[in-house]
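What follows is a single structure, written as C-alpha cells, with notes after it.
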Amino acid sequence: MKVLVINCGSSSLKYQLIDSDSEAVLAKGLVERIGIEGSILTHRPAGKDKVEIKTPMEDHNIAVKLVIDALIDKDHGVISDLSEIGAVGHRVVHGGEKFNKAVLITPEVKKDIEELSALAPLHNPANLIGINACEQNMPGVPQAAIFDTAFHQTMPASSYMYGLPYEYYEKYKIRRYGFHGTSHDYVSARAAEILGKKREDLKIVVCHLGNGASISAVKNGKCVDTSMGLTPLEGLIMGTRSGDLDPAILSYVGEKEGLSAAEVNNVLNKKSGVFGLSGGVSSDFRDLNAAAADGNEKAKLALDTYYYRVAKYVAAYAVPLEGIDVIAFAAGVGENDPQVRAKVCEKLAFMGVKLDAAKNDMRGEEQIISADDSKVTVMVVPTNEELAIARQTIALL
Ligand code: ADP
C-alpha cells in the first residue's frame, strides 16, 4: 500500500509518498507560502528531476490538490491514479492527555484536536487544516493522526508535573507533555534493533538535536522523562529557542525592555538559543562552527553552553533510567555534527562514556560511535519521522 504522509504548517505543507511494502520514498515535496504571494510547490519524485510549480495557492485545499496532481502527473508523477493512495498519515503536534497513541481520524478526533489548540496554537489549527484538505480531496481514504506528544504519555506524574498550584493542572492542563515523540520512539526502537537487543531490556537516552531539540529517557521501551514541557520551549538550548531559564526573567526583561508577555515569548522562541547567545551569528551549527573556528568568542560561548546543557541533561537522565546503556544522537545536528557528539561525550567521560574518534568522524550514517571499552554504547541513529508515521498509519489499518 502507498501511504501519503502530511506535515502541515500554517502556510506550508511537507509530504512524502511511501510504499509501505518496500518502505521506499516514492516522492516527497514541500509547498510553501500557501495563502500568500509567491506560493510554490517543490516536488521531488524518486529517480527523476525535481519540479517547481509556481502558481497562486489561496488555501491548503488547493495546495493538496496540486500535490495530488504532481503525484499522478504523467511526466513527474509516481502513481497513475489517486486510488493508489491507501491511507494518509498526518503529523499532529499536540495530543494532550487524551491521545497516548496514533488514531484514525473521526469527526470526534478532529474536535479533540481543535480543543487541544489552546495548548499548541501555532500547530494544531494548521494540522487540522491539512486533515480537512486531505479529506476533501481524497474522500473515503482512511486518515490517521500521529501525535508528537503521544510517546511521552508514559511519563510518571513526578516527571510531568510543574511546581505550580495544582489547580492550574486541573483548570488548564498545565503540565509537561514533551514533543518529537515520533522521533524519540523511532530512534530508541531502531537503536535497540541495531544492537540486536529488545528495547524492553535497555536504558536509552535519545538526543534529538535539530533546530528544535529535545532529549528523552526511554526505560524498558517507555518514555520516563523528556526535556520539552507544556510547549517546545523548555529544555535544551536550541537554534533560536532559549530552553530552560529562570521564569522570573520573563517579567524582568518585559519591564526593562518595555515588552509585553507575548513579545518576550517571541524573543524566547525566535531570538534566543545559540542564535541569540552568539550575538546573532546564526542558528545553524555549520555557521557557528565556522565562526568559532575564525575566533568569534560569542560563537564559541554559544557552542560551549549548548554542549554543556546537552551533557547535563544526559547525565540527569541516569536518575529516572537508573543507569544508561545507550546514548543515541539524531536529527540535523545530532546526525551531522561530529563535534557536538565529541564535546558532549567528553563531558560524560566520568560515567565511562568513550567515543571512537574515527567512527565518530562521519555524517548522517547509522553507526555505533563509542569505543569498544566504553561503558555506554553511543550511536548515531538518523531519525525518520515520516517512515514512523507511515508505519503507524498502516498499523492502524
Ligand atoms: P528541524 O527539523 O528541527 O527544522 P533539522 O533536524 O533538520 O531541524 O536540523 C537542522 C539543523 O541541523 C540546521 O539548522 C543545522 O544547525 C544542523 N545541520 C545540518 N547539517 C549540518 C552539518 N553538516 N553540520 C552541522 N550541523 C548541521
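Ligands are counted one by one from 1 in listed order, and the atoms in each one are counted from 1 as well.
Ranking the protein heavy atoms by distance from atom 21 (C) of ligand 1 puts N336 CB, 3.5 Å first. The protein heavy-atom contact nearest to atom 8 (O) of ligand 1 is N211 N, 3.1 Å. The protein heavy-atom contact nearest to atom 14 (O) of ligand 1 is D284 OD2, 3.7 Å.
Ligand-side atoms of ligand 1 in range of G332: 5 (P), 6 (O), 9 (O), 12 (O), 17 (C), 18 (N), 19 (C), 27 (C), range being under 4.0 angstrom from any heavy atom. Heavy-atom contacts of G212 reach the following atoms of ligand 1: 3 (O) (cutoff under 4.0 Å). Counting the atoms of ligand 1 from 1 in the order shown, those under 4.0 Å from a heavy atom of V333 are 12 (O), 16 (O), 17 (C).
Evaluated for a ring pair (Phe, Tyr, Trp, His ring centres under 6.0 Å) with F99, the options F147, F151, Y177 yield exactly one hit, F147.
Heavy-atom neighbours of K28 NZ from other residues, nucleotides or ligands within 6.0 Å: at or below the threshold of 12.
Ligand 1 has a nitrogen or oxygen under 3.5 angstrom from a nitrogen or oxygen of F285.
For H43 and H76, the distance between ring centers is under 6.0 angstrom. Here H152 and H180 keep their ring centres 6.0 angstrom or further from each other.
Checked by atom type, the side-chain pair E386/Y186 shows no donor-acceptor distance below 3.5 Å.
In this structure, atom 2 (O) of ligand 1 is not in close contact with the protein, since no protein heavy atom lies within 4.0 Å of it.
For K173 and Y169, the positive end sits near the middle of the six-membered ring, less than 6.0 Å away and at most 45° from its axis.
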